[in-house]
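Proteins get letters first, then strands, A, B, ... in listed order; numbering begins at 1 in each. The basis for the numbers below is simple: all heavy atoms, side chains too, and nothing from hydrogens, waters or symmetry mates.
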2 protein chains.
Amino acid sequence: MGACKQQQNFCSYQNTDVFSKNAFQYLEGIMYPKKVETGQFLFLDHDTADKLFYLRKGQIKITKVTEEGKELVLYIFQEGDLIGELGVSSVSRYNYSAKATRNCDVGVIQQKDLETIIWQHGEVAVEFMKWMSNMHGITRSKFRDLMLYGKKGALCSTLIRLANSYGKMTSTGIALSQHFTNTDLAELIGTSRETVNRMLSQLKKEGIVTFEAGGMIKIIDLAYLKEACSCEDCPLEICRI
Amino acid sequence: MGACKQQQNFCSYQNTDVFSKNAFQYLEGIMYPKKVETGQFLFLDHDTADKLFYLRKGQIKITKVTEEGKELVLYIFQEGDLIGELGVSSVSRYNYSAKATRNCDVGVIQQKDLETIIWQHGEVAVEFMKWMSNMHGITRSKFRDLMLYGKKGALCSTLIRLANSYGKMTSTGIALSQHFTNTDLAELIGTSRETVNRMLSQLKKEGIVTFEAGGMIKIIDLAYLKEACSCEDCPLEICRI
DNA sequence: ATATAAGTGTGATTTAAATCACTTGAACGG
DNA sequence: CCGTTCAAGTGATTTAAATCACACTTATAT
C-alpha cells in the first residue's frame with residue numbers, strides 16, 4: 001500500500017492508503033479473486049451494487065454513457081484502488097459502468113461480509129469513512145473544475161490530476177507515464193476530441209506542455225495549468241483522476 | 001424523522017432518514033445548539049472541517065464561489081438534514097461555504113465525539129455510511145445531469161429535484177412550495193439568469209410548467225422534464241436538490 | 001511490405017450559451 | 001403616493017464549443 005513514493009512518481013496515491021495494515025488484512029480475509037480482461041466490464045450501469053472490488057493489478061475506467069453514445073469517464077482506477085459503493089442497503093444499484101482498460105486482477109468483497117467486519121471493528125469503520133469521504137471529495141472537486149472554468153479549465157484540471165496519478169518528475173517537467181489519446185481526454189472532460197486537440201496544440205505552442213515519444217504528455221508549466229482552473233491545492237488524495 | 005409523507009408533499013426526504021431512532025438519539029446526545037441568521041455563514045470555504053451540523057430548522061445553501069464572483073449552489077439543505085463531512089482526519093477542510101438563507105437552528109456535532117460513538121456502535125457506523133453514500137450519490141447524479149444534457153437538461157433535472165424536495169402534489173400538477181428566482185435556478189445549474197429565463201418561458205409556452213401566485217413554479221408535465229435529462233428514476237434520497 | 005485501422009490536425013460552419021443593454025413589472029419603505 | 005430596489009423579460013451581439021468534412025500520420029496485423 002502506497003504512501004507518496006517521493007521522487008519516483010510525481011506522486012501516486014492509491015485510494016486504499018487510508019487503510020491501516022491491520023484493517024487491510026481484514027479486507028484481504030474476505031476477498032475472493034477474479035480476473036477481468038481488457039475491454040470486459042467489471043460491472044454495468046444498473047447492476048445490483050452488493051460488492052466492492054479491490055484492484056490488485058490493471059486499470060478500470062468508471063464511465064457513464066448517454067443514449068446517444070456520448071461517454072463521460074468519471075474515474076480511472078489503478079493498482080491499489082478500491083472500487084464500488086457502500087450503500088449498505090441491499091437494494092442499491094450502480095449508476096455507472098466499470099470497464100477494464102487492461103487485464104485486471106480483482107479482489108471481490110461481498111457487501112455482507114464487509115458489514116460484519118465494520119460492525120465488529122470500529123477502527124475499520126472509521127477508515128472506510130475516510131475512504132468514502134475521499135471518493136466524494138474527488139467527485140466534488142471534479143464537478144467544480146468541470147462546471148466553473150470552461151473547457152480550457154477542465155482540460156487543465158484534468159492534466160493536473162493525470163500528473164498526480166501518472167506523472168513522473170523529471171529534470172524538465174512532469175512526464176505522464178501513460179499515453180492518453182485526444183478522445184481519452186475528451187471523455188474525461190465532457191467535450192469533443194477536436195476541442196481537446198485544439199486546446200492541447202495551443203498549450204504546446206505556449207510551451208505549457210510538450211509531447212514526448214509515443215505522444216506522451218509532459219507538463220512543463222504546472223503553475224499555468226493551476227492558474228487556468230483556479231487550483232486550490234486540494235490534498236493529493238482528492239486531486240486525482 | 002421523515003419517511004415519505006405520502007400525498008402531502010410530492011415526496012420530501014431528509015437525509016437523516018437513514019438513521020434509526022436509536023442511532024439518532026446518540027447523535028442528539030452529543031449535539032449542542034447554535035443559531036445562524038439569514039445571510040450568515042455556518043462555515044466558510046477552507047474552514048477546518050471538524051464538525052457536523054444537524055439542521056433542525058431553517059435552510060442552508062452550500063455554495064462554491066469563483067474569484068470572479070460566479071456562484072454555484074451545490075445543495076440546498078432543509079429541516080432534518082445533516083450537513084458536513086466525515087473526513088475523520090482532523091486536518092481536513094471544507095471546500096465550499098454554507099450560507100443560511102433563512103434563520104436556522106442547528107445542532108453542532110464535534111467530530112471527535114462522533115468518532116467515539118462510531119467506534120462503539122457498529123450500527124451507527126453502518127448508518128453513517130449509508131448517509132455518506134447517499135450524499136455522494138446526490139453529487140454524482142447532479143454531475144451527470146449538469147454535464148451531459150446541456151443547459152436545458154440541467155434545468156429540467158433541477159426542476160425534478162426541486163419537485164422532490166419542495167413539491168406538493170395537486171390535482172393539476174406538482175406545486176413547488178417555495179419561490180425560486182431565475183438567479184436561484186441559474187446558480188443551481190451553472191448558467192446565466194437570462195438563459196434560465198428564456199428556457200423557463202419556453203417551458204411555460206409549451207405547457208410543461210405554469211407560474212402560480214408569487215411566481216411559484218408548478219410542474220404540469222413531469223414526463224417531459226424526465227425525458228429532457230434522460231432521467232433514470234434514481235431513488236428519492238439521491239434525486240434531490 | 002502493404003493494407004487497414006486508429007489517431008491527429010485543421011479549416012469552415014453551425015449551434016448553444018454568455019454577455020450586453022435595456023424595458024417593464026412588482027414589492028417595499030417612508 | 002412616489003422613489004428605490006429587486007426581479008423578470010427580451011432583443012442584439014459576441015463568444016465558446018460542437019459538428020462536419022477531410023487530409024495526413026502512426027501504429028498493427030497479415
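In this structure, the side chain of B:Ser97 engages the main chain of B:Asp45 through a donor-acceptor pair within 3.5 Å.
One atom, OH of A:Tyr149, and another, C1' of C:dA18, lie 17 Å apart when rounded to the nearest Å.
Side-chain proximity of B:Asn182 to the nucleotides D:dA8, C:dG9, D:dA18 is greatest for D:dA8. You'll find that the side chain of A:Lys151 is closest to D:dA17, out of D:dT10, D:dA17, C:dA12. Listed candidates were D:dA21, C:dA18, D:dG9. Nearest to the side chain of A:Glu194 is D:dA21. Of all nucleotides listed (D:dT10, C:dT8, C:dA17), C:dT8 comes nearest to the side chain of A:His179. Among D:dG9, C:dT8, C:dA17, the nucleotide with an atom closest to any side-chain atom of A:Asn197 is C:dT8. Counting only heavy atoms from C-beta on, A:Thr181 has its side chain closest to C:dT8 among C:dT8, C:dA17, D:dA17.
Among the atoms of the strands shown, none is found under 4.0 Å from any heavy atom of A:Gly215.
Aromatic rings of A:Phe180 and A:Tyr166 (six-membered ring for Trp) have centroids within the 6.0 Å cut-off, being under it. A:Phe53 has its ring centre less than 6.0 Å from the ring centre of A:Phe43.
When the options B:Gln78, B:Glu79, B:Gln178 are evaluated for a side chain to side chain donor-acceptor pair (under 3.5 Å) with B:Gln59, the one that passes is B:Gln178.
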